[in-house]
Structures are given as C-alpha cells and as structure tokens.
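Notes follow once the structure below has been shown.
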Protein chains: 2
Amino acid sequence: MALFLSKFENKVDKKGRVSVPARFRSVLAEKGYGSVVLFPTVEGDAINACGMDVMEGLLERIGGFDPFSEERDSDADVLMAEAVELPIDGDGRIMIPQELLDQAGIDGACLFAGRGDSFQIWRPEAFEERMKQAKERARAKRARSVKVGAE
Amino acid sequence: MALFLSKFENKVDKKGRVSVPARFRSVLAEKGYGSVVLFPTVEGDAINACGMDVMEGLLERIGGFDPFSEERDSDADVLMAEAVELPIDGDGRIMIPQELLDQAGIDGACLFAGRGDSFQIWRPEAFEERMKQAKERARAKRARSVKVGAE
DNA sequence: TTGACTCCCATAGAATTCCATGATATCCCA
DNA sequence: TGGGATATCATGGAATTCTATGGGAGTCAA
C-alpha cells in the first residue's frame with residue numbers, strides 16, 4: 001500500500017483553491033478516491049486529511065444509527081459534522097472551506113505533512129514550531145533512557 | 001459508500017420550504033432515494049433525517065410485526081408513528097411539517113449536520129451550543145488520555 | 001372559494017470546469 | 001553521461017454550471 005509521506009508547501013489562491021501534492025493525489029487515486037476528507041484536529045491548530053476509507057472505518061467502530069442510544073459517541077458525531085468531503089478537480093486542486101482555514105490560521109500558503117495513512121494541513125510556521133517541539137521531546141526522551149534517573 | 005458529512009445552513013421560506021443540501025441529496029440519490037425520512041430526536045431538541053434504508057434496518061433490529069407478541073418495543077412504535085417520508089421536489093426542497101419544526105424550535109433557518117449514515121436538522125443556535133459542549137468533552141478526554149500515556 | 005400543496009420559471013451568487021503559462025522534473029538517446 | 005525533448009506540476013484567470021431561494025400559476029380537496 002502506498003503511504004502519505006514527506007511534506008509539501010503549496011499556495012492558497014484568492015479563491016481558496018490549493019493544489020493537493022501530486023504524490024498525495026496518486027495515493028488517494030490508488031485507493032479509488034477522487035476526493036479528500038478534511039476535519040479539524042482536536043487541538044484545532046491544523047487540519048486532518050484522509051480518504052473516505054478512514055471515515056467509514058470510524059463509522060463502523062462507533063456503530064450505525066441508533067436513536068435510543070446515548071452511547072453513540074458524541075465526539076464521533078462532532079467529527080462527522082465537522083468533516084467535509086472535497087472533490088479534487090481536474091487540475092488536482094481542492095477548495096478548503098474558510099472555516100477550516102481560519103481555525104488552522106492558514107492564510108496564503110499551507111503545508112501538507114504526510115502521516116502514513118493520512119496527512120495534515122498546517123500553517124507553515126505553525127508546523128515548523130510543532131516540529132521543533134517534537135524533536136526536542138524526542139531528544140529529551142532519548143537522553144533520559146540513556147542516563148536513567150538523570151536531569 | 002458516500003456519507004452524510006459536514007454541515008450546511010439553509011433558509012426556511014414563508015411557504016415552509018427548505019433546500020436539502022446538494023451533497024446530502026446526492027448521497028440519497030446514490031442510494032436510490034428521492035425522499036427523506038424525518039422524525040424527532042428522543043431528546044426532542046432536533047430532527048433526525050435519513051434514507052429509508054436506515055428505517056428498514058431499524059425495523060429489522062426491533063423485530064417485525066407479530067400479532068401474538070406484546071413484547072414489541074413501544075418506543076419503536078412511537079418512532080415509526082412520528083416518522084414522515086418527505087418527497088424531494090424538482091428544486092431539491094422539502095416541506096418539513098410544522099410540528100417537527102416547532103419541536104426543534106426551528107424558525108427562519110435550519111442547520112443540516114451530517115452524522116455519517118444519517119443527518120440531523122437543528123435550530124442553528126442550538127446546534128452551536130451542542131457542538132461547543134461536545135468539543136469541550138473531547139478535549140478533556142484527550143487531555144486525560146495523554147497524561148496517562150505520556151512520559 | 002380558500003387554503004395547502006405541487007410544478008415551473010427567474011436570478012444572484014457560489015462553485016466547478018476549462019484553458020493558458022511558467023517552472024520543474026523526468027525521460028531518452030547520442 | 002550530458003543535454004535537449006517531453007511530460008508533469010503548480011498556479012492564475014475566464015467561462016460555464018450548479019445551488020439556493022424567491023415568486024407565480026395551476027391543482028386538488030374541503
């Protein structure tokens with residue numbers, strides 16, 4: 001199976017269109033999709049993106065419609081309501097709803113970051129920042145595991 | 001399979017007509033339906049909407065008609081009795097019965113919220129409120145699980 | 001006849017498709 | 001292996017289609 005790997009930065013034009021990186025498009029195409037599903041991250045600082053297969057798996061996990069159940073996870077409902085399926089046009093572009101762009105603070109350009117079975121869309125500077133923190137954490141963890149009980 | 005995703009706000013005109021969002025119409029059409037089934041939520045704060053397939057699945061789970069059984073869930077009877085099948089007109093609109101609108105407190109505009117295999121119709125402000133609460137819950141849950149599983 | 005509902009048409013605005021261009025990457029053959 | 005020829009890609013703008021929404025005419029029943 002092909003994976004979403006690496007990162008790409010593309011422009012958002014004044015009509016709100018963005019090219020989906022060709023690599024990512026071909027991964028989606030391989031799964032048989034001509035569209036992407038987007039939804040905000042829980043933290044709200046970026047946008048998650050995946051194929052419809054991920055959403056279907058999610059729906060399966062929370063179970064089908066049941067009007068008498070309070071069980072059905074309300075988080076999942078939120079997710080379904082906040083998710084959008086965006087068709088990829090003939091030129092490989094999508095139109096990201098303004099609401100999602102605003103939430104993620106994306107303005108003129110956005111960064112596509114592969115995550116294996118999905119990818120994320122970030123404001124470039126925010127991604128940079130997050131990357132730095134993640135590396136820091138990783139380094140700290142590694143240092144700790146070397147000299148046990150240190151710091 | 002196509003899912004009901006995302007949310008849309010449409011107006012209810014003075015004749016009581018509302019456009020069903022085009023996306024939702026195409027999901028229904030894909031299933032072969034030219035109509036929607038509506039019934040109130042158990043909490044009574046919104047309207048459930050789905051294709052006939054969901055109702056059929058529901059009936060199956062409840063158990064079909066049996067004249068010698070008193071067992072049949074009365075909730076289910078209520079559900080079937082309160083449900084209405086609304087045809088979608090040539091312009092993609094439906095006429096929601098006044099009773100359902102009143103129950104959900106819907107007045108001039110209504111919000112269609114995707115739930116995967118079904119969708120709901122809300123008074124916009126009420127949906128906003130519910131969304132806020134659900135997100136809060138989700139964030140809290142996530143914070144908890146991070147703390148437990150983290151370094 | 002009145003009221004409720006169905007069709008049909010009109011329209012403004014939004015979304016989608018189509019076409020053009022420069023830039024980059026890939027391929028192919030000497 | 002080099003370098004020109006050929007695809008691919010991201011991007012901008014214009015043209016076209018679609019969508020939501022309002023209003024009016026015809027239908028049917030009470």
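Hydrogens, waters and symmetry mates play no part in the numbers below; they use all other heavy atoms, side chains included. The chains referred to below are lettered A, B, ... by the order of the sequence lines, with proteins before strands, and numbering in each begins at 1.
For the pair A:Asp45/A:Trp122, a side-chain contact is recorded, criterion being any heavy-atom separation below 4.5 Å from C-beta on. Contact check for A:Val54 versus A:Val37: no side-chain heavy atoms found under the 4.5 Å cut-off. Using a 4.5 Å cut-off on side-chain heavy atoms (C-beta onward), A:Ser19 and A:Asp91 make no contact.
Atom CG in A:Asp13 sits roughly 15 Å away from atom P in C:dT17 (whole-Å rounding). In this structure, A:Arg17 atom CZ and D:dA15 atom P are separated by 14 Å, rounded to whole Å. In this structure, A:Met95 atom CE and D:dT19 atom P are separated by 15 Å, rounded to whole Å. Distance, B:Ile88 CD1 to D:dA20 C1': 14 Å, rounded to whole Å. Per the geometry, CG belonging to A:Asp89 stands 13 Å off P belonging to D:dT11, to the nearest Å. A:Ile94 places its CD1 atom 12 Å from the P atom of D:dA10, with the value rounded to the nearest Å. In this entry the distance linking CZ of B:Phe112 with C1' of D:dA20 reads 11 Å, nearest Å. The distance from atom CZ of B:Arg93 to atom P of D:dG23 is 11 Å, rounded to the nearest whole Å.
Residue contacts shown for A:Val12 are absent, as no nucleic acid heavy atom lies under 4.0 Å away.
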Hey, can you pull the donor-acceptor pairs under 3.5 Å for the side chains in residues 105-116 of chain A, sequence neighbours left out?
none

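Each of D:dA20, D:dG23, D:dG13 was ranked by its minimum atom distance to the side chain of B:Ala22; first place goes to D:dA20.
Contact between the side-chain N/O atoms of B:Lys15 and the OP1/OP2 oxygens of D:dG24 is not found at any separation under 4.0 Å. Applying the 4.0 Å criterion to OP1 and OP2 of D:dC18, one finds that B:Arg25 has every side-chain N and O outside that range.
Note that OG of B:Ser118 and CZ of B:Phe24 are 9.5 Å apart. Values are rounded to the nearest 0.5 Å.
Nearest-nucleotide assignment on DNA chain D puts the 5′-proximal partner with A:Glu9, out of B:Ser19 and A:Glu9.
The base of D:dC9 lies outside donor-acceptor range of the side chain of A:Asn10, with no N or O pair under 3.5 Å. In the interface, the side chain of B:Asp91 is paired with the base of C:dC8 through a donor and an acceptor atom under 3.5 Å apart.
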